[in-house]
Amino acid sequence: MPEGHVIHRLAAELESAFGGRTVRVTSPQGRFHGSAALLDGTTFAGAEAYGKNLFIEFGHDLFVQVHLGLIGKLRWVEPGVVQNPDTVRLRIETEADAVELRGPQTCNLIGPDELAAVVATLGPDPLRADADPDRGWQRVHRSGRTIASLLMDQRVAAGVGNIYRAEVLFRQRLNPDTPGNELSARKWRALWADLAELMPYGVRDGRIDTVREEHTPEATGREPRVDRHGGEVYVYRRAGLPCLVCGRAVSVREFEGRNLYWCGKCQRRR
DNA sequence: AGCTCATGGCGAG
DNA sequence: TCGCCCTGAGCTG
């Protein structure tokens, strides 16, 4: 379940559990064994998120780059016993806390130069204080690609994924097919400001909530999405259900290999 | 028990 | 644009 908010939340949790402590580092699965052996017994120096990338520093200038991809998970577990070791790529633990990494797209031991190179490929991250939204705009306003495509491009806004894309486009009442070069600077700024407002809630709560008070299913009498867990959203995975604002059935279509959700009535305007 | 899908991203063609 | 990688939850049978 990884969009940027999850990664930032994990970075903070890792810091608070392991910061400054000597840690056990292993790869029960074996696929990261060589690197884990190098890190075992070192000091956990810090963890930081850039978009969907997590960088964990051990000792001095030894970084593990983690990217969860679509199915990867980093979970807190009981210290001591390892369940299903065959899928645990990386495990970090002290006497008090343990965390396990399964199914990551990336888990690499890198140095500061490689870290800088990865960060250089990323656009501004709405969750970072050092983000410069204008870097994203430079790409958007020169592009004939649609805003739906551009928002999934990590060079435009690092950390945004399929849920935040759908939700922020809905909240801004923006048609997903609007070409970047037809978007006004004002609309881009509003889009960015909305992401910068929404995503910290995701970090704080560990779930994505985007629905304003007056539009909740309780307030409107309309169905929430069927998923049992997860936050309250306007359109993501609500295809066929009535739009929480206008009542029209929410649309879905496959776009660039992913499901794109939107309301054909609220988001008519480009 | 098996199948499908998922909040990503890459490389081949 | 497609296939592929990694895992596990939530279905179906």
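Every heavy atom of this structure was used, including side-chain atoms; hydrogens, water molecules and symmetry mates were not. Keep in mind the model is a prediction, meaning the values are calculated, not measured. By convention in this document, chain letters (A, B, ...) are assigned in the order of the sequence lines, proteins followed by strands, and residues within each chain are numbered from 1.
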Distance check: side-chain N/O of A:Y164 vs OP1/OP2 of B:dT7, anything under 4.0 Å?
no
Shared ILVMFWY cluster between A:L62 and A:L14, side chains joined below 4.5 angstrom?
yes
Residues 109-120 of chain A, side-chain donor-acceptor partners within the protein, below 3.5 Å, at least two apart:
| from | atom 1 | to | atom 2 | distance (Å) |
| --- | --- | --- | --- | --- |
| A:E114 | OE1 | A:G111 | N | 3.0 |

Expressed as a whole number of Å, how far does the P atom of B:dA1 sit from that of C:dC6?
23 Å
C1' atoms of B:dT7 and C:dT1, separation to the nearest Å
22 Å
Does A:R89 have a side-chain nitrogen or oxygen under 4.0 Å from the phosphate oxygens OP1 or OP2 of C:dC6?
no
Measure the distance from CD on A:E100 to P on C:dT7 and round it to the nearest whole Å.
13 Å
Mind calculating the distance between CG (A:N259) and P (B:dT4) to the nearest angstrom?
16 Å
Would a line drawn from the ring center of A:Y164 to the ring center of A:W192 be shorter than 6.0 Å?
no
Sub-3.5 Å pairs of nitrogen or oxygen atoms, protein against nucleotides 10-13 of chain B:
none

A:I208, nearest nucleotide to its side chain (from B:dA6, C:dA9, B:dT7):
B:dT7
Heavy atoms from C-beta onward define the side chain here; which of B:dG8, C:dT7, B:dA6 lies closest to that of A:Q29?
C:dT7
Could you walk me through whether A:D194 and A:Q172 pass the side chain to side chain donor-acceptor pair (under 3.5 Å) test, one step at a time?
CA-CA 8 Å; A:D194 211 13; A:Q172 296 304 310; 2.8 Å; yes
Separation of B:dT7 P from A:L10 CG (nearest whole Å)
18 Å
Counting only side-chain nitrogens and oxygens, does A:K52 get under 4.0 Å of the OP1 or OP2 atom of B:dT7?
no
Check every strand shown and say whether A:R75 touches a base, only sugar-phosphate, or nothing at a heavy-atom separation below 4.0 Å.
sugar-phosphate
Phosphate OP1/OP2 of B:dG8 contacted by A:H67 side-chain N/O (<4.0 Å)
no
For B:dG8 and A:R258 - does any side-chain N or O of the residue sit under 4.0 Å from the phosphate oxygens OP1/OP2?
yes
If I take atom OH in residue A:Y261 and atom C1' in nucleotide B:dC5, what distance separates them, rounded to the nearest angstrom?
10 Å
Report the distance from atom NE2 of A:H5 to atom C1' of B:dT7, rounded to the nearest whole Å.
7 Å
Check each residue of residues 143-162 of chain A for a non-hydrogen atom within less than 4.0 Å of any atom in DNA chain B, then write out the ones that pass by number, or none.
A:Q154, A:G161, A:N162
Return the value, rounded to whole Å, for the distance between atom CG of A:L195 and atom P of B:dT7.
17 Å
Please determine whether residues A:V168 and A:V203 belong to a single hydrophobic cluster, defined as Ile, Leu, Val, Met, Phe, Trp and Tyr linked transitively by side-chain heavy-atom distances below 4.5 Å.
yes
Would you say C:dC6 has OP1 or OP2 under 4.0 Å from some side-chain N or O of A:R31?
yes
Checking side-chain polar atoms at under 3.5 Å, does A:T94 have a donor or acceptor matched by the opposite partner on A:R21?
no
Using the P atom as the reference point in each nucleotide, state the distance between C:dC5 and B:dG13 in Å, no decimals.
15 Å
Spacing of the P atoms in B:dC10 and C:dG8 (rounded, Å):
23 Å
Residue pairs, two or more places apart or on separate chains, that pass salt bridge (charged side-chain N to carboxylate O under 4.0 Å, His left out) and touch residues 211-221 of chain A
none
Once you round it to whole Å, what is the distance between C1' of C:dG10 and CZ of A:R237?
10 Å
Name each donor-acceptor pair under 3.5 Å that joins a side chain in residues 140-148 of chain A to protein atoms two or more places apart or in another chain, with its distance.
| from | atom 1 | to | atom 2 | distance (Å) |
| --- | --- | --- | --- | --- |
| A:H141 | ND1 | A:W137 | O | 3.0 |
| A:R142 | NE | A:Q138 | O | 2.9 |
| A:R142 | NH2 | A:Q138 | OE1 | 2.7 |
| A:S143 | OG | A:R145 | N | 3.0 |
| A:R145 | NE | A:S149 | OG | 3.3 |
| A:R145 | NH1 | A:D153 | OD2 | 3.2 |
| A:R145 | NH2 | A:S149 | OG | 3.2 |
| A:R145 | NH2 | A:D153 | OD2 | 3.4 |
| A:T146 | OG1 | A:S149 | N | 3.2 |

Check A:R24, A:E100, A:Q29 against A:R91 for a side chain to side chain contact (heavy atoms under 4.5 Å, CB included) and give me the one that passes.
A:E100
For the pair made of CG in A:L70 and P in C:dC4, what is the distance, rounded to whole Å?
16 Å
A:F63-A:F55 aromatic ring centre distance below 6.0 Å:
no
Partners of A:D205 by salt bridge (Lys or Arg N to Asp or Glu O under 4.0 Å), sequence neighbours excluded?
none
